[in-house]
Structure formats: structure tokens, C-alpha cells
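First up is the structure itself, then whatever we jot down about it.
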Amino acid sequence: MKRRNFIVAGAAAFLAGCSKIGKTDAFGAVVDTAESWNRGLHRALGFGRITMAPEFARSQISPFFRGNGTTEVAGEAYRASAAGGFADWRLAVDGLVAQPLSLSMDDIRALPQRTQITRHDCVEGWSAIGEWTGPQLSALLEMARPTDEARYIVFHCADTLGGAPYYESCDMDDAFHPQTIVAHLLNGEPLPERNGAPLRMRIERQLGYKHAKYLTRIEAVATLDGLYGGNGGYWEDRGYQWYAGI
Ligand SMILES: Nc1nc2c(c(=O)[nH]1)N[C@H]1C(S)=C(S)[C@@H](COP(=O)(O)O)O[C@H]1N2
Ligand SMILES: [Mo]
């Protein structure tokens, strides 16, 4: 409880400095004029230009968002947490950060939220449009404060696929991009297990396999060498591109 109050107080202090963070306009297409957005922009390009993934209308949402890869998680800890409605789920934010975090689902829900309707494109040849809601990853990183050595953000997951842990990573441009969110809602409902309950990444400018489901830990690192297969992601370790731009 103490921990939670601390985190929420931290978020409130952060918010005081940038009142518009997380505010999404009615059509979902206009970016937020937040400090974190500016930071992402500056880190990404240095000047006033940023590429956004297309966003869609409610009427275009797919009636069913299929699950792919892992759709049910076998691990004991995950099953126990799922049985309790993920009330005890924790998301760690650590590695090369000044302030490591351990966030509960309530902490995640208490942060400013972004909602975006985007199209998910899987390399296996299918797409689906869904509405995702959650805090921007930049909001979590502004609290944790990656050090100057941090160059990548790694996403650790609760599942294994073919016996190996699933994981992903992105650079700081995508980490601070306004459409990079830690989603806990799909179409206004808590994520179904097949789609990554209780938390999954949305990194909208990239292909489906970059969007890590069953998120347990966000780690800031200086290099991807020596991490699992060393290529920055489960599918990357099996020959796919690390920068999987759409
Ligand atoms: N943890 C985890 N994340 C994952 C996967 C997975 O198997 N495990 N599959 C990836 C692939 S290939 C795709 S296309 C999307 C599928 O998301 P969906 O199940 O919500 O359709 O999740 C990605 N993230
Ligand atoms: Mo995929």
C-alpha cells in the first residue's frame, strides 16, 4: 500500500508538469502535447516531425481480434494471478534506471491513459483493427528515468513459446513514441488472455511480433548482446528483422 501511494504520488508530481499527457482527442489521431511526447520527438528526430501509425474509426474495429503465438499461459505464477483477476500482478521497470518501479494494475490504471484504434499486422498474413488503452510507456520511463547509458528497452513476458521465453525490445525512439503504450484494455474491456492479459505492449509502427504480451518486466539496457539469443527478440533470435517497421 505504501508503495502504491508512493508511485501514484510520483505520477501526480509528474503530471503537474505536463497537464495534457494521455489526453486523446475524439478521433484518436492527434498526438498529445506532453513533455514526454516532446522528449520522444527530440530524441527521435531532433526537429518537429514524427511519424504516426494510422488510427481508425470505431466502426472499423474488427469484430474478433484473434490470438496468435501464445494464447494461454501455462506458468504456475501466471495461472494463480489470473485466477485472482490479476489483483497481485506486478510490472517491474528496472535495469539502467535511476528509480526502479514495481507497478500494480491499480498503479497502471491510475496513470493518464491513451486510447488508440490501430491495425495489427502479423507477418503470417493477417491483420486486425482494435482499440487499445493504457498509459504511454514514456510516462513509466519518465518516472523510472533511464540513465544516459540506456539505449534499448526490453520487454519480458510471462510465457514461453516452444520452451523459450518470449521477449522483445525497442530503441528509445519507439519507447518514447506517443503511440507506444502499455495496454490493459482491448475495445474497452480488460485484455482477454489470448491477447496478452493483463498487460501487453503496443508499438504501433512495427509488425505484430514486436507487441509483447503477458508483460512482466520492462528493462532499460545498454546493449542487446548476451540477452537470450542476443538479437533483441524471440522471433529476431529465429531470423526475423529487429526493426520490423510496417
Ligand atoms: N508474449 C508473447 N507476445 C507475443 C507473442 C507471443 O507468442 N508471446 N506473439 C506475437 C505475435 S507473432 C503476434 S502477431 C502478436 C499477436 O497478438 P494477438 O495474440 O493479440 O493477436 O503478439 C505478439 N506478441
Ligand atoms: Mo505475428
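Quick caveat: nothing in here was measured; it's all calculated off a predicted structure. One-based numbering, in listed order, for ligands and for the atoms of each. The first residue in the sequence is number 1, and the count goes up from there.
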Next on the checklist: Evaluate Trp132 for polar contact with ligand 1, using N/O atom pairs at a separation under 3.5 Å.
Outcome noted: no
Checklist entry - Any nitrogen or oxygen of Tyr214, main chain or side chain, under 3.5 Å from a nitrogen or oxygen of ligand 1? => result no
Item to check | Distance, nearest 0.5 Å, that separates OG1 of Thr118 from CZ of Arg202 | outcome: 4.5 Å
Checklist entry - Taking non-hydrogen atoms only, is Tyr234 closer than 4.0 angstrom to ligand 1 via side chain, backbone, both or neither? => result neither
Checklist entry - Identify the closest protein heavy atom to atom 8 (N) of ligand 1: which residue and atom is it, and at what distance? => result Asp159 OD2, 2.8 Å
Item to check | Lys NZ or Arg CZ of Arg238 over Tyr240 ring: under 6.0 Å, within 45° | outcome: no
Checklist entry - If you count the atoms of ligand 1 from 1 in the order shown, which ones are under 4.0 Å from a heavy atom of Gly69? => result 7 (O)
Item to check | Ionic contact status for Lys213 with Asp159, cut-off 4.0 Å | outcome: no
Checklist outcome for this item: ligand 1 to Leu161, heavy atom cutoff 4.0 Å, flagged ligand atoms 7 (O)
Item to check | Atom indices of ligand 1 within 4.0 angstrom of Arg66 heavy atoms, with elements | outcome: 18 (P), 19 (O), 20 (O), 21 (O)
Checklist entry - Under a 4.5 Å side-chain heavy-atom rule over Ile, Leu, Val, Met, Phe, Trp and Tyr, are Phe155 and Tyr234 clustered together? => result no
Item to check | Point-to-point distance, once rounded to the nearest 0.5 Å, from CD1 of Ile129 to CG of Asn187 | outcome: 11.0 Å
Checklist outcome for this item: Here the atoms of ligand 1 under 4.0 Å from any heavy atom belonging to Cys122 are 14 (S)
Checklist entry - Does Arg200 have a non-hydrogen atom less than 4.0 Å from ligand 1? => result yes
Next on the checklist: Test your reading of the model: is there a side-chain donor-acceptor pair from Asp121 to the backbone of Ser127, 3.5 Å cut-off?
Outcome noted: no
Next on the checklist: How far is atom 24 (N) of ligand 1 from the closest protein heavy atom, and which atom is that?
Outcome noted: His211 O, 3.0 Å
Checklist outcome for this item: Quick note on ligand 1: atoms under 4.0 Å from a heavy atom of Cys157 include exactly 1 (N)
Next on the checklist: Show every ring pair (Phe, Tyr, Trp, His ring centres under 6.0 Å) that has at least one partner inside residues 100-123, sequence neighbours left out.
Outcome noted: Phe65-His120, His120-Trp126, His120-His211
Checklist entry - Are any non-hydrogen side-chain atoms of Met201 and Val182 less than 4.5 angstrom apart? => result yes
Item to check | Tyr209 N/O to ligand 1 N/O under 3.5 Å | outcome: no
Next on the checklist: Tell me whether Thr70 has any N or O atom under 3.5 angstrom from an N or O of ligand 1.
Outcome noted: yes
Item to check | Short side-chain donor-acceptor distance under 3.5 Å, His184 and Gln113 | outcome: yes
Item to check | For atom 14 (S) of ligand 1, the protein heavy atom that lies nearest, with its residue and separation | outcome: His120 NE2, 3.2 Å
Checklist entry - Is it the side chain (CB and beyond), the backbone, both or neither of Lys213 that lies under 4.0 Å from ligand 1, heavy atoms counted? => result both
Next on the checklist: Using a 4.0 Å cut-off to any heavy atom of Asn195, which atoms of ligand 1 qualify?
Outcome noted: 18 (P), 20 (O), 21 (O)
Item to check | Shortest reach to atom 23 (C) of ligand 1 by a heavy atom, considering only Gly130, Gly208, Gly233 | outcome: Gly208
Next on the checklist: For atom 10 (C) of ligand 1, which of the options Phe155, Tyr167, Tyr166 provides the nearest non-hydrogen atom?
Outcome noted: Tyr166
Checklist entry - Does the N or O separation between Trp126 and ligand 1 drop below 3.5 Å for any pair? => result no
Next on the checklist: Show the atoms of ligand 1 that are less than 4.0 angstrom away from any heavy atom in Arg194.
Outcome noted: 19 (O)
Checklist entry - Partners of Arg79 by salt bridge (charged side-chain N to carboxylate O under 4.0 Å, His left out), sequence neighbours excluded? => result Glu193
Next on the checklist: Quick one, Val93 and Met143 - any side-chain contact, counting heavy atoms below 4.5 Å?
Outcome noted: no
Checklist entry - Atom CG in Leu185, atom OG1 in Thr115: separation rounded to 0.5 Å? => result 7.0 Å
